[in-house]
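Owing to the predicted nature of the structure, the values given are computational and were not obtained by experimental measurement. A, B, ... follow the sequence lines: proteins, then strands. Residue 1 opens every chain.
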Protein chains: 2
Amino acid sequence: MTDRLSDMLTRAARLIAGDGHSAGLKPVQWQALRYLGIANRFSRTPGALAAWLGQTKGTVSQTVATLERKGLVERTGDADDRRLVRLTLTEAGRALLERTPENVADAMLAGLTAAERAIFAPLLAHMLAGFLAARGHRPFGLCAECRHFLRDAERGSPHFCGLLDVPLGREDAAAICVEQEAA
Amino acid sequence: MTDRLSDMLTRAARLIAGDGHSAGLKPVQWQALRYLGIANRFSRTPGALAAWLGQTKGTVSQTVATLERKGLVERTGDADDRRLVRLTLTEAGRALLERTPENVADAMLAGLTAAERAIFAPLLAHMLAGFLAARGHRPFGLCAECRHFLRDAERGSPHFCGLLDVPLGREDAAAICVEQEAA
DNA sequence: ATAATTGGTATCGAGTCGATACTTTAATGC
DNA sequence: GCATTAAAGTATCGACTCGATACCAATTAT
C-alpha cells in the first residue's frame, strides 16, 4: 500500500533541502552558514556541523573549505585542544546571511496560521527528537534548556555550563549547542 | 530573532532528503524510483518527474539516464505524442523498490502515534499545498480525488478521466497524477 | 608508555545540479 | 496551409556534493 504521508513528507523535504541556489552558493552551504549563525561558540566546529547536517566529516570539511575560499567563514585553531578548528562567520558571511532571499522552509511555514504552527511545532520536534535519539544522533537544543545550564551564576557572567565548566554569555544561552541534553 | 521552527524543519528536511545512499543509488535516484512506483501512467514521464522533484528537465534527464544505465528504468517513446518519453520500472527496479531498506521519512513518522499522525498529515498537506500553489507548482494528488475524475463510467473501464478523455483502470485511480486538481 | 579514540584533512570517483544551447514534435495564429 | 510559438527532451559544461578510504596529529585510556 502506498503511504501517502511518507511520500508527501519526502517531497516537502526535498523542496526544502534542495532550496538555496542563489548568490552562487549551494543548499548545503546556506545551511552551514545558517547553522553558524545560530550555534553557540562551543558548537561552531566542523564536527558539530557534520552532526547537524547529518554528513560525514570529510564532506563537511570540503564544504567548509569552499566557504572559506569564498571568504564567508574563517577557521582558527583552538589553543586548549589543538585538534579543534573553530569556525567563525566573517563580516561578509554575516552580511550575506542577513539579506538571505526567500526561503522555502519559511515560505511553507508562512502558509500556516499561528494556531496551526503551535500544533505543528511540537509534533515536528517530537518526531525529529525521536528519530535522532533512535539513531544515536545529537539533538542540538537551546543552551538555556539544557540540564547542564546553570542560570544566574554568582560570578561575572550571567550563566554557567556545568558540563564544560565554563561561563556563558547571554548569546550563548540563547543559541544552539551540540552538547545540549534536554533538562 | 532566530526562528527555531524553521531551523528544525530545515534540519529534518535535510535528514530526510539526504537519505538513500544504499544499494549503489543516490537519494534522488531512490526518490525517482519511488515516484515511478506511485505515479499513474500519464505521470511517468521525465517532465512530471522533474515537477515532482522540483528540478530542471536537464537534471532529471541525467538522473533518468543513470537509472536506465543501471537497468532499473526503461524509456519508451509515446506513439501519440512523439515528444513524450514514457518511463517504466523494470523488473529489477520494481524488485529493488520492494526491498527498500529503512527509510528516514518512515522512521520519523514511526515515532508518532496514529493520533498524532492524524493531526500531522493534514497540517503538512496544507503547508505543502499552499506553498506549491503560491509558487505555481503542480500539487500531484490522487487521481481519484481529482475534479476530472468520473467514478464508475458506464463503459468497459471502471472510471474515466474527463481531462484526458481516457478510461482509467483501478490502479490509475489509486495512483498519483501530474494533472490532478483537487475536487 | 603504549594503545585507542577523537577531530580534521586529502584524495578519489560517481553523481548532482542549474545554465545554456539545441533538436524534434505538437499546437496556434493568421 | 504555413509560419510561428510552445512543449518535451537531450547534450554538454563547470562547480560542487557526497561517501569511502586512507591518513595525520592531538588527546585520553589503560
dA7(D) P sits how many Å from Glu179(B) CD, rounded? 13 Å
What salt bridge (Lys or Arg N to Asp or Glu O under 4.0 Å) pairs are there with at least one residue in residues 28-50 of chain A, not counting sequence neighbours? Arg41(A)-Asp172(A)
Could you list the protein-to-nucleotides 13-15 of chain D atom pairs, N/O on both sides, closer than 3.5 Å?
none

Quickly work out the Gln29(B) CD to dT17(D) C1' distance and round it to whole Å. 13 Å
List the atom pairs, with distances to 0.1 Å, where a side-chain N or O of residues 94-102 of chain B and a protein N or O form a donor-acceptor pair under 3.5 Å, not counting sequence neighbours.
from, atom 1, to, atom 2, distance (Å)
Thr100(B), OG1, Leu97(B), O, 2.5

Looking only at heavy atoms, which two atoms of Arg75(A) and Val64(A) are closest? And how far apart? CZ-CG1, 4.0 Å
List the atom pairs, donor and acceptor, that lie under 3.5 Å between side-chain atoms in residues 122-144 of chain A and the rest of the protein, sequence neighbours left out.
from, atom 1, to, atom 2, distance (Å)
His126(A), ND1, Glu116(B), OE2, 3.0
Arg138(A), NH1, Val178(A), O, 3.3

Gap between atoms CG and P, on Leu84(A) and dT5(C) respectively (whole Å): 19 Å
Categorize Arg75(B) for me: base, sugar-phosphate, or nothing, with a 4.0 angstrom heavy-atom threshold over every strand shown. sugar-phosphate
Interface polar pairs with nucleotides 24-28 of chain C, N/O, under 3.5 angstrom:
from, atom 1, to, atom 2, distance (Å)
dT25(C), OP1, Arg82(B), NH2, 3.2
dA26(C), OP1, Asp80(B), O, 3.2
dA26(C), OP1, Arg82(B), N, 2.9

Quickly work out the Leu53(B) CG to dG9(D) C1' distance and round it to whole Å. 16 Å
Where do Leu89(A) and Leu33(A) come nearest, in terms of heavy atoms and distance? CD2-CD1, 3.7 Å
Using five pairs at either end of the helix from dA1(C)-dT30(D) to dC30(C)-dG1(D), determine the angle between the two local helix axes and round it to 10 degrees. 30°
Between dT10(D), dG18(C), dG9(D), which nucleotide has the shortest distance from any of its atoms to the side chain of Ser61(B)? dT10(D)
Cluster check Leu9(A), Ile119(B): I/L/V/M/F/W/Y, side chain < 4.5 angstrom: yes
